[in-house]
Protein chains: 4
Amino acid sequence: MSAHSNDIEDVQNRADSRNVPINKVGIKDIEYPVRVADRSGDQTTTARFNMYVSLPPDVKGTHMSRFIELLEQHGTVSADSFGELLHAMRERLNAPRGFIEARFSYFVKKTAPASGVESLMNYRVTLSGECDEDNTDITLEVQVPVTSLCPCSKDISEYGAHNQRTHLTIAARTNAPVWLEELIDVAERQASSEVYGVLKRPDEKFVTERAYDNPKFVEDLVRDVAVELQNDSRITAYRIEAENFESIHNHSAYALIQSD
Amino acid sequence: MSAHSNDIEDVQNRADSRNVPINKVGIKDIEYPVRVADRSGDQTTTARFNMYVSLPPDVKGTHMSRFIELLEQHGTVSADSFGELLHAMRERLNAPRGFIEARFSYFVKKTAPASGVESLMNYRVTLSGECDEDNTDITLEVQVPVTSLCPCSKDISEYGAHNQRTHLTIAARTNAPVWLEELIDVAERQASSEVYGVLKRPDEKFVTERAYDNPKFVEDLVRDVAVELQNDSRITAYRIEAENFESIHNHSAYALIQSD
Amino acid sequence: MSAHSNDIEDVQNRADSRNVPINKVGIKDIEYPVRVADRSGDQTTTARFNMYVSLPPDVKGTHMSRFIELLEQHGTVSADSFGELLHAMRERLNAPRGFIEARFSYFVKKTAPASGVESLMNYRVTLSGECDEDNTDITLEVQVPVTSLCPCSKDISEYGAHNQRTHLTIAARTNAPVWLEELIDVAERQASSEVYGVLKRPDEKFVTERAYDNPKFVEDLVRDVAVELQNDSRITAYRIEAENFESIHNHSAYALIQSD
Amino acid sequence: MSAHSNDIEDVQNRADSRNVPINKVGIKDIEYPVRVADRSGDQTTTARFNMYVSLPPDVKGTHMSRFIELLEQHGTVSADSFGELLHAMRERLNAPRGFIEARFSYFVKKTAPASGVESLMNYRVTLSGECDEDNTDITLEVQVPVTSLCPCSKDISEYGAHNQRTHLTIAARTNAPVWLEELIDVAERQASSEVYGVLKRPDEKFVTERAYDNPKFVEDLVRDVAVELQNDSRITAYRIEAENFESIHNHSAYALIQSD
């Protein structure tokens, strides 16, 4: 192999005659270990990244290998450093706009409500951002598994009430730092009950009765979260979703509220 | 293009010198519409097929295009015609053994328990078979979504009980015809409650109370189904799985019983 | 069971005091068989539906069972009848806005380029629509599996060029009827090569050489499709995506163009 | 809440009268961060665990919370400590047999073949084990993404050859320590070419030409790996799978070899 010269022509630098701008171009579904800042320090997890830039109409192509070189150089992902990564990418790729999404499992140590036993819970998080030369928008999204208990079923039944696991997902754009744990707290507070890794019997009694005392439809879940987010002046935009994996059906009940 | 002659050499027919037999070789994840015989006639659905044959040590390769030609020629999938498809494949590919798996959604019209309203339920089915020159083994598997209600939660709580959607999966090998609907009936009968597409309010009261009256752990679900299958002389082998998508955890409870 | 009266109070009809409108509420991931009109008649397949309505701030909840009753009554899905289903839902649920998404596999009989052998290809389709009292917007989306061959790899290598399966996805909003097959044709025409279920050896030679003669980056794929869609006066808005499952990486190359 | 006494009766300890043993019962799909020993030290990643024990016919149920308490106490996963975790579980649950599966992404730093640029590659690993009082069987499985190039396409075409990403999966049971990196090396050595995170242009030339020089069918891939594993006296049993995500089809080509 004698051809490893650096003068192999780079097709991507040629001009393009079709005159069509590209909104996003880059790499998708690359997995990398990351350190994520959390409320009590930081944690190491693994993330799937999508990294894109926009491409002006006259530029033929982008440089795919540079995206991963950026990942090699950065390591800690957090709402703060994420903005730096975005701008570094936009500049390195010489592009008008940049977009990054990172999806990862995030772990929080929880304490069972009666026994006090500790265990980890994992939450699916999506950190996404876009930027141009002047602006940066970062969105924090977390999917919180909770319990929902059906008010109708409770009302009409002589005993019992159907309940199920629910994904209560909050996405927020902010003008000041907000911890993922704060969004998780809102979701768990507004659910019929929160869920845990380890529950001993007294804990199971606690969450069973808490859910029964606190019935909510998907409509209630998203509205109650919305009211709480509206009262937080740091949150400038939000999207709230509730998906109940109904225990009496083979489909989900679903609701979504999006701020204007 | 003048080269479309039929005398292009077929590499697959060459001999192989490594002396390693291959257990399975073929095509995976091809989707085809199928007609499936059901208890009240037949239905059209779409299936994902895996189709494999064994390869003796001295044969270099199989003929991938022939598998799909077989699918083109067959259409109706049922436990009966499935055996014919298996043997046709084994012969067409000139192979000692053949294996087919077909996964599809299967629809059954259900009647709500109080209102009598009708709606469809979908069940995930896997029909799998293997054969050699003398023998054919076909396994019918169906995943039945049901409700499970936790006996422990009911016992220790002053009111309510956590419940959730459960996948109760039965796989059976038989020596006489068994309808998928019969396996579905066993699973739905042994669950805390069955689930439905449409439930009006009186139905929701019915299934809520039925589940509360009928609490079962994953251990109970698989054992109660096992007892019923053991009493059916047509069933020669079985595998039973229960997976509870726990409403108080972010993981599943799971149990499996397999006949010897 | 003596309680199956119709006078069980319907909680959903109560007023809501939180004053928060809900953008979307309904059912998610329900599977139903459907008949879909195609260019040569119609075909039966199975679809996953999401069906939502908007909810004014003063209404407590929607009526989940009515969504499925609508599915029971309709059967044929096509761009035309889809608009009727949307409006029927909005009226039945007494809602300002309605949203439906249906995802299904769609089958097209293809003819191999040299041998003329016929086989089916499956395409993932999403039909989505939204409406209010006055307007209806329906979007047709189809994911077309094709071959892409890398121009850079071809240029710099003395022989060969890496190629891979690509998902070329076109979503279009139209002001006149457009067949799914027409969108599929655009994608297959603009790819390095189209893909097939069955290919005999002369066909394999044909597609191999066609791809080598026709190298394209993800950037080229989306731009070439965009140029063709811009010239179709029936198409009023579009989104084009190309995802290359790179054969030399463990991640995808990706590009997206969206009309304004 | 005054009811959090410890004398709530534990239903699981009751006797069972159905006389049906359960092969596996426990928890499924719980995610936990883990440290995994690798050839150059260790790495932190996140794993999905399934943890089961067998249940004798006369025991009513297992103790679900104890499984996660075990995860809380252990942290490092490796082939060695995995055996300890298995036995600790079996003893803690007082069960005849124990089963654990852990699935995680594993990262290896790779060096591009021409430029020497370094980047990470992720591999999907499954570590699974089962034990009774006397025996422990641990299986190491790794899915290695590689390039496969079709010998038939190369032979019959005047130029070019279709190629694609392949998952070459090796599962091995051993009588002496084997690093995951050693199994990865076998798969990458036997593929048409290995794949990388970052490739500069001279690297892309290298892997393109290497794949063209080294065409293999799925049959060749599994046989060539089998020959190499048969010559490693530490490997007592193996299963090898190759799945080609064919660039000229919308389905996979697949082959499997399993030792007796």
Side-chain angles (χ1 to χ4, degrees), chain B residues 1-12 27 29-36 43-48 63-73 104-107 109 112-124 145 196-206 209-210, chain C residues 1-12 27 29-36 43-48 63-73 104-107 109 112-124 145 196-206 209-210:
Chain B
M1 282 304 303
S2 60
H4 297 172
S5 66
N6 282 320
D7 53 18
I8 296 176
E9 190 208 3
D10 189 346
V11 181
Q12 265 86 355
I27 62 171
D29 274 333
I30 186 159
E31 197 170 346
Y32 250 76
V34 289
R35 277 194 315 125
V36 182
Q43 57 182 275
T44 300
T45 182
T46 67
R48 289 206 156 249
H63 296 84
M64 296 290 182
S65 61
R66 294 188 189 167
F67 292 98
I68 305 171
E69 289 172 333
L70 276 155
L71 283 183
E72 280 290 322
Q73 289 154 18
F104 50 88
S105 282
Y106 185 79
F107 296 88
K109 180 77 83 179
S115 71
V117 172
E118 291 192 324
S119 59
L120 287 181
M121 264 279 294
N122 71 305
Y123 301 86
R124 293 299 299 169
Y196 297 87
V198 174
L199 292 173
K200 308 303 285 182
R201 287 195 306 288
D203 304 312
E204 188 166 349
K205 173 180 165 56
F206 182 95
E209 295 173 355
R210 185 188 155 190
Chain C
M1 278 306 302
S2 61
H4 298 171
S5 66
N6 283 319
D7 54 17
I8 295 175
E9 189 206 4
D10 189 347
V11 181
Q12 265 86 353
I27 62 170
D29 274 333
I30 186 160
E31 197 169 347
Y32 251 75
V34 288
R35 277 194 313 127
V36 182
Q43 57 182 273
T44 301
T45 181
T46 67
R48 290 207 155 248
H63 296 84
M64 296 289 182
S65 62
R66 294 187 190 167
F67 292 98
I68 305 170
E69 290 172 333
L70 277 155
L71 282 184
E72 280 289 323
Q73 288 154 20
F104 50 88
S105 282
Y106 185 80
F107 296 88
K109 179 77 84 181
S115 70
V117 171
E118 292 193 325
S119 59
L120 287 181
M121 264 279 295
N122 71 305
Y123 302 86
R124 292 299 300 169
Y196 297 87
V198 174
L199 291 174
K200 308 303 284 182
R201 287 194 307 287
D203 303 311
E204 188 165 350
K205 174 178 164 57
F206 182 95
E209 294 173 356
R210 186 189 154 188

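Labels below follow one simple rule: chain letters A, B, ... track the order of the sequence lines, proteins then strands, and each chain is numbered from 1.
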Exercise for the section: Against chain B, label C/Arg210 side chain, backbone, both or neither, depending on which of its atoms sit under 4.5 Å from a heavy atom there. Expected result: neither

Fill in the blank from the handout: From the list C/Thr46, C/Thr44, C/Thr45, side-chain contact (heavy atoms from CB on, under 4.5 Å) with B/Thr45 holds only for C/Thr46

Fill in the blank from the handout: In terms of heavy-atom contacts, C/Lys109 and B/Glu72 come closest through NZ-OE1, 2.9 Å

Handout entry: Exercise: identify the closest heavy-atom pair between B/Tyr32 and C/Phe107
Key = CA-CE2, 3.8 Å

Problem - Proximal component of C/Glu118, with respect to chain B [non-hydrogen, under 4.5 Å] - result: backbone

Practice task
Work out which heavy atom in C/Glu31 is nearest to a heavy atom in B/Asn122; give both atom names and the distance.
Solution key: OE1-ND2, 2.9 Å

Exercise for the section: Identify the heavy atoms of C/Leu199 and B/Ser65 that sit nearest to each other, and give their distance. Expected result: O-CB, 3.8 Å

Handout entry: Heavy-atom pairs under 4.5 Å with chain B, option from C/Val117, C/Val198, C/Ile27 with the top count
Key = C/Val198

